[in-house]
Amino acid sequence: MSEILPYFPLLGEGLLITIALTLAGMVLAVVVAFAAGIARMSHRRWLRWPAAVFIESFRGTSMLVQLFWLFFALPFFGIQLVPFAAAILALGLNEGAYGAEIVRGAITALPRGQREGAIALSLSPYQRMRFVILPQAVPAMIPPFGNVMVDLLKNTSLVSLVTVADLTFTAQMVRNTTGATAAVFGTILVLYFVVAYALSLGSSWLERRVDPTRPARSQGFWQRVLPDRRVMS
């Protein structure tokens, strides 16, 4: 272990890049998940079919191949992405495709009476989604989304193959310099676990915050985001 101590600052820089990739990919994945998940439920074919093709394509192919395609193949079509952008795009699109099914499943699991009641109140489709459906569906999405985020973190190790200097990339550099294979990869194993555990704790905290069984006075933040969550209760 002592032989890699001088390289800890370098590993720290790689860890920061990994965290940045995770957070940026997480934001993109959530946006993609809600957009694709809701579009797949649309009655309009021009929305539903492209969403279904996107979801099945990204879930049914390797993320490594997607990453290589975005970084190495797109330049042949005149689109050149820097490694960091290609990495975020691959992470966000891939995990967003899985998240889209979480969104769709949580929404379709709601009792049919909720939608019928919203229609009876003459709410528009947007109002039904905003004030009735999402406030009840989002709490059910958080635990599986937490798993998706941890999976996204682990998949960041693949971006080292397109020269992004993340934690895995810097660990390989340190290993090649020192030859301390066990110490280097043991260290980053612990670092990945710590970040993954932090994500799990954050997911658990958010799950408690939006729990519909909590007293209303303790849900101030959630009420500001979705103020009319009790319209159909």
Electrostatic pair R40-E56, nearest N-O below 4.0 angstrom: yes

Hphob cluster co-occupancy, I19 + F84, side-chain heavy atoms under 4.5 angstrom: no

M149-V32 co-clustered via ILVMFWY side chain contacts under 4.5 Å: no

CZ (F72) with more than 12 external heavy atoms under 6.0 Å: yes

Option passing side chain to side chain contact (heavy atoms under 4.5 Å, CB included) with Q136 (candidates V138, L134, V132): V132

R175 side chain to T181 side chain, donor-acceptor N/O pair below 3.5 angstrom: yes

Single-linkage hydrophobic cluster, 4.5 Å side-chain cutoff, L47 and V103 together: no

Note, I17 side chain near T170 side chain (heavy atom, < 4.5 Å): no

Under 3.5 Å side-chain donor-acceptor pair for T61 and Q66: yes

Side-chain heavy atoms of M26 within contact of L199, under 4.5 Å: yes

P135 versus M129, closest heavy-atom pair with distance: CD-O, 4.0 Å

Cluster link L89 to Y98, ILVMFWY, side chain under 4.5 Å: no

Note, S157 side chain near Y192 side chain (heavy atom, < 4.5 Å): yes

ILVMFWY cluster, V159 and L153 together (side-chain gap under 4.5 Å): no

Parallel, tilted or perpendicular, as decided by the 30° and 60° cut-offs, for the rings of F145 and F34: parallel

